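Before any comments, here is the structure.
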Amino acid sequence: MDKCWLNVKFVSVKLKDFDIFVLISTAISVTRKPIKRVCTDEAAVIDVLARRTVAQRQRIKEVYKATVGKDLTEDLQGELTGHFEEVVLGLLMTPPVYDASELKNAMKGAGTEEAALIDILASRTNAEIRAITGAYLKEYGKSLEEDIEGDTSGMFKRVLVSLATAGRDESDTVNEAQAVQDAKDIYAAGEARWGTDEVKFLTVLCVRNRNHLLRVFQEYKKISGREIEDSIKREMSGTLEEVFLAIVKCLRNKPGFFAERLYKSMKGLGTTDTVLIRIMVARAEIDMLDIKAEFLKAYGKTLHSFIKVRSGSQ
């Protein structure tokens with residue numbers, strides 16, 4: 001995409017939150033010229049949107065519409081293309097709306113992108129999931145649970161539906177006796193029998209609070225001689241294995257989980273751009289600094305350098 005000079009007048013007027021005049025003038029310059037098919041200065045778009053908070057970007061959208069009478073998202077959507085467009089449009093959404101759109105895209109058309117369903121539902125807090133389900137219903141006129149039930153099947157569907165109810169205990173309480181019993185129940189449902197009772201795994205892993213489950217995992221290793229992740233890999237397969245592993249990894253170390261997902265999206269031949277974009281956009285203001293630290297610790301390279309090499313000019 002060709003680039004050209006950008007006529008931006010920076011006005012230094014201090015406001016409570018940020019210099020809205022600078023943002024408005026830049027946004028108008030970036031978007032009104034492309035509408036006339038002059039050019040798009042991608043660096044300016046990045047500078048305006050990627051360096052602002054979600055709240056600031058929502059304010060930019062509001063003031064842009066009030067100033068020029070057009071929707072900023074629609075104007076940029078008509079000019080940008082490819083993965084750059086996906087990132088920019090994602091940045092212009094609120095987190096619940098973005099997650100809802102990712103879930104919808106994962107289930108529309110032929111086939112399902114199970115990775116998106118797992119990444120989002122296994123990692124969000126109860127409050128975040130409630131906000132997502134509200135946004136999903138508002139944006140698409142159907143409940144998230146309804147679409148999950150129509151697009152997935154079996155125990156994988158049941159786990160996703162359970163996660164989508166936002167029913168996990170989020171207290172810090174650890175019931176020692178219950179933790180021991182939960183560990184015994186999971187062992188009896190998997191390693192200790194022929195076949196696997198996945199419902200017991202669902203009941204424990206999707207409902208108990210984080211501190212309690214970390215204690216369960218310790219007891220499980222004492223009983224079985226294995227980490228819970230190893231048993232999940234031995235007892236399950238496919239998307240059910242993936243979602244239970246994601247739940248456990250997020251409970252242990254959520255930034256580490258996303259660092260691993262980013263690494264796997266870029267290693268080997270090609271890059272899984274949808275995963276890369278989704279995590280970078282969704283986690284930018286939540287735990288990206290922690291993800292970067294975990295990435296460096298695990299892989300000996302900075303996330304920035306890895307993205308730069310693997311993603312090329314995009």
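In this text, all values refer to a predicted model and were calculated from it rather than measured experimentally. FYI, the numbering just counts along the sequence from 1.
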Under 3.5 Å, is there a donor-acceptor pair between the side chain of [X] and the main chain of [Y]?
X: T272; Y: T274; result: no
X: D147; Y: M107; result: no
X: E285; Y: V54; result: yes
X: N209; Y: R168; result: no

Taking atom types as modelled, find out whether [X] and [Y] have a side-chain donor-acceptor pair closer than 3.5 angstrom.
X: Y136; Y: D99; answer: no
X: H212; Y: D182; answer: yes
X: E113; Y: N105; answer: no
X: Y220; Y: S231; answer: yes
X: R215; Y: Q218; answer: yes

Over all atoms of both residues, closest heavy-atom pair of [X] and [Y]:
X: F257; Y: C250; answer: CD2-SG, 3.4 Å
X: L92; Y: L72; answer: CD2-CD2, 4.0 Å
X: M266; Y: L303; answer: CE-CD1, 4.0 Å
X: V159; Y: C206; answer: CG1-SG, 4.0 Å

Under a single-linkage definition using a 4.5 Å side-chain heavy-atom cutoff for Ile, Leu, Val, Met, Phe, Trp and Tyr, are [X] and [Y] assigned to the same hydrophobic cluster?
X: Y64; Y: I46; result: yes
X: V161; Y: I120; result: yes
X: F244; Y: I223; result: yes

Do NZ/NE/NH1/NH2 and the carboxylate oxygens of [X] and [Y] come within less than 4.0 Å?
X: R261; Y: D119; result: yes
X: R208; Y: D169; result: no
X: K264; Y: E242; result: no
X: E227; Y: R252; result: yes

Mark yes when over 12 heavy atoms from residues, nucleotides or ligands other than [X] sit less than 6.0 Å from its [atom1]; otherwise mark no.
X: K221; atom1: NZ; answer: no
X: K61; atom1: NZ; answer: yes
X: K104; atom1: NZ; answer: yes

Practice task
Over 60° means perpendicular and under 30° means parallel, so classify the ring planes of Y263 and F306, tilted if in between.
Solution key: tilted
Practice task
Using the salt bridge (Lys or Arg N to Asp or Glu O under 4.0 Å) rule, take E149 and K157 through it: C-alpha gap first, then chi angles, then the decisive distance, then the call.
Solution key: CA-CA 6 Å; E149 290 181 339; K157 175 180 71 175; 6.0 Å; no
Practice task
Could you go through the salt bridge (Lys or Arg N to Asp or Glu O under 4.0 Å) check for K233 and E241 one step at a time?
Solution key: CA-CA 6 Å; K233 291 175 184 177; E241 174 189 342; over 6 Å; no
